[in-house]
Amino acid sequence: MAEQEQKNLEERTIRAEKDAKAIEEELDKISKGDLSYIGDPRLEKLYSENEKLKHRLVILENAIKAESSGSQKPAVSKEKKLPTLITDINSVEGNICIVDELKNIFEFAIGSAYPDLEDPPIVITLSGNNPKFGDYQCNSAMPISQLLKAKNIKSNPREVANNILNKTPSSPFIERIEVAGAGFLNIYINKTIAEHVMNCILRFGVKPPPVKKERVIVDFSSPNIAKEMHVGHLRSTIIGDSISRILEYLGHDVLRLNHLGDWGTQFGMLIAHLQDKYPNFKTHSPPISDLQAFYKESKKRFDEDEEFKKRAYACVVQLQSHQPDYIAAWKLICEVSRQEFQKIYDRLNINLIGRGESFYQDRMDAVVKQLKDGGYLEEDEGRLIMWGDPVKKDGIPLTVVKSDGGYTYDTSDMAAIKQRVEEEKGNRFIYVVDAGQSTHFVTIDACARRAGILKNSQKIEFVGFGVVLGEDKKKFKTRSGDTIKLLDLLEEGLKRSLDKLIEKGRDKVLSPEELKLAQEAVAYGCIKYADLSHNRVNDYVFSFDKMLDDKGNTAVYLLYALTRIRSIARTAQISFDQLLAEVDKTGFKFGHEAEWKLGKVLLRFPEIILKVSNDLYLHSLCEYLYEISSAFTEFYDKCYCVEKDKEGKIVNIIYTRLMLCEATARVMEKSLDILGIKTVSKM
Ligand code: ARG
């Protein structure tokens with residue numbers, strides 16, 4: 001009997017499924033732009049029929065489930081889990097991400113108002129500059145109204161907004177909510193929570209928002225031995241360092257890797273040339289000061305002299321079979337190069353671990369074997385190649401083994417990703433490399449996934465960036481047309497920054513030590529900031545004049561703004577301890593509207609940090625810094641912190657405003673630190 005019933009049910013299900021599918025197809029046509037259906041009364045009918053059938057389908061499926069499991073109980077619909085909300089202000093710390101809590105609050109409200117909607121969109125955005133629109137907005141009412149319509153439930157966005165509002169629990173985060181316009185929910189942040197956060201910042205510093213800790217591998221800088229480190233590598237160095245800094249700040253376990261190009265056929269000619277030029281290089285370290293000139297010389301011989309070319313190839317074979325003399329020569333060349341690179345890293349205060357392509361030699365053998373055994377490699381004119389998608393075969397395949405049996409850049413990157421997954425146990429794999437290499441990394445990702453090296457959610461995060469252009473919008477070169485040496489570039493930055501400080505007469509105010517600190521902070525800070533403040537995927541024009549401008553969104557402007565803020569407490573002759581004592585006595589309270597406006601900007605720090613650490617676009621942090629300093633300027637124009645009489649004697653100090661200055665300075669300092677920019681107390 002049960003069997004017969006089940007059969008019946010199954011048949012009916014199949015029929016219902018078919019009907020539903022036919023209707024879905026019709027609907028699909030409509031959604032794909034088949035406009036002939038618009039205004040057709042059959043449309044509404046189809047929608048409602050579709051809904052009814054879907055409903056019937058669910059009932060039938062549940063009946064089958066109940067039948068086959070032998071239980072007669074009707075299936076109970078699962079209770080929706082709503083987020084737990086913060087109710088106690090004292091459980092909040094200075095690192096709270098306000099927008100995340102707002103998302104929770106509205107997920108709760110929408111889930112309560114519309115329990116039958118699966119995954120309703122929770123849209124929270126920052127309101128514009130107009131205070132009429134509140135501080136944040138919840139813009140979920142419009143899409144929810146659409147969803148309801150699709151379910152044949154009559155509603156309009158305003159009504160939905162009101163329903164959401166009615167279900168919004170009271171929260172220490174929200175002062176009030178207003179329904180506006182077509183169905184926007186304007187949210188006004190509660191001052192008390194903001195004051196609490198300011199208190200925390202003053203007492204405990206600018207703490208990072210809590211996140212699940214991960215092991216992150218950041219591959220950046222990565223120049224090639226014996227070749228010049230060019231402006232592209234400089235971009236990678238600056239962006240990669242900043243990415244590492246933000247992830248370290250969040251408490252992640254970050255491995256900063258310099259994937260040096262230190263293995264390949266170019267070493268053949270370098271070694272052959274070394275043997276000729278410095279025959280006793282093993283006992284007397286040769287004075288190679290200009291490795292690039294050395295490279296050029298050997299390249300010239302390689303191109304012009306057949307005998308030399310043959311020897312160079314023989315050297316490669318010797319090197320690859322680990323012949324000690326050849327390894328010694330190779331090491332020597334690498335060392336000279338590395339010392340050159342280190343000069344740049346020292347100046348820019350960059351730490352990273354050198355782990356070049358040579359590190360993966362044995363691992364390349366292993367990964368090639370794995371790929372061969374797995375049947376992933378195909379022969380192609382003597383080479384062994386691998387496609388990311390063996391059916392489509394689009395794009396360019398990896399060359400895993402060359403026709404002479406040697407390995408390539410592709411092979412070392414396959415070995416590297418395997419090492420980073422299996423040995424380093426990474427959770428995130430970030431590569432900061434010029435946008436020109438994006439296809440290479442897309443293919444590495446696809447092949448590593450195909451071979452089972454990358455699993456499920458593991459993926460290569462390619463952080464690409466555009467090329468550096470000169471002010472003429474052409475490739476960045478010196479006046480005489482040569483490529484620019486990075487050390488020369490940094491030197492010029494130093495010179496220009498000093499000129500700028502002298503132009504402003506700072507040499508007369510600052511001590512020689514202070515002047516030097518300011519000079520370096522400005523020079524290196526402006527080079528880094530100019531790079532980081534532009535959307536990295538775009539090409540960017542390198543201009544000392546622009547980056548050293550003290551107006552606009554530049555490092556110079558921000559460093560000045562910061563020293564000005566720092567000087568306010570100095571003028572008031574108030575130490576930080578005194579300020580803390582005041583916090584203990586009176587706490588922090590927002591007064592003037594401009595104070596509150598600045599406070600709300602500062603409150604967004606955790607939100608910005610979380611965003612940047614996800615999408616790895618640092619220009620958002622730069623924009624945020626600029627926003628802080630603009631809000632601060634407005635505050636400082638409107639609100640005095642220290643009142644003096646005609647003789648210049650201090651007659652009144654407004655402590656809460658000094659506290660706001662302190663909090664502003666701290667958030668700015670932390671942000672600049674993440675960007676790798678040194679701050680100075682005077683400049
Ligand atoms: N050495 C390469 C270049 O100069 C960049 C290496 C990037 N990292 C990597 N794992 N392939 O273009």
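Everything quoted here is computed from the prediction, not taken from an experiment. Note that ligands are numbered from 1 as they come in the structure, with each ligand's atoms numbered from 1 the same way.
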State the atoms of ligand 1, each with its element, that fall below the 4.0 Å cut-off from a heavy-atom position in [X].
X	result
D413	9 (C), 10 (N), 11 (N)
F441	9 (C), 11 (N)
Y431	10 (N)

Of the listed options ([options]), which comes nearest to [atom] when hydrogens are ignored and any heavy atom counts?
atom	options	result
atom 6 (C) of ligand 1	Y360, F220, Y409, F429	Y409
atom 4 (O) of ligand 1	R420, H233, H259, R355	H233
atom 10 (N) of ligand 1	V433, D219, N258	D219

Testing Y409, Y431, Y360 one by one against H259 for a ring-ring contact (aromatic ring centres under 6.0 Å, His included), which residue passes? Y360
When you check the gap from the basic side-chain N to the acidic O, do K309 and D305 get nearer than 4.0 Å? no
Regarding R245 and D241, does a basic nitrogen lie under 4.0 Å from an acidic carboxylate oxygen? yes
What's the shortest distance from atom 12 (O) of ligand 1 to any protein heavy atom, and which residue and atom give it? Q437 NE2, 2.8 Å
Check: H440 N/O within less than 3.5 Å of ligand 1 N/O: no
Min N/O separation D434 to ligand 1 under 3.5 Å: no
Could you check whether the rings of H273 and F294 sit parallel, tilted or perpendicular, using 30° and 60° as the cut-offs? tilted
If the plane angle is over 60° it's perpendicular, under 30° parallel, otherwise tilted; pick one for F544 and F542. perpendicular
Structural part of L260 in contact with ligand 1, heavy atom criterion under 4.0 angstrom: neither
Taking the six-membered ring of F359 as reference, does the cationic atom of R363 (NZ for Lys, CZ for Arg) lie under 6.0 Å from its centre and within 45° of its axis? yes
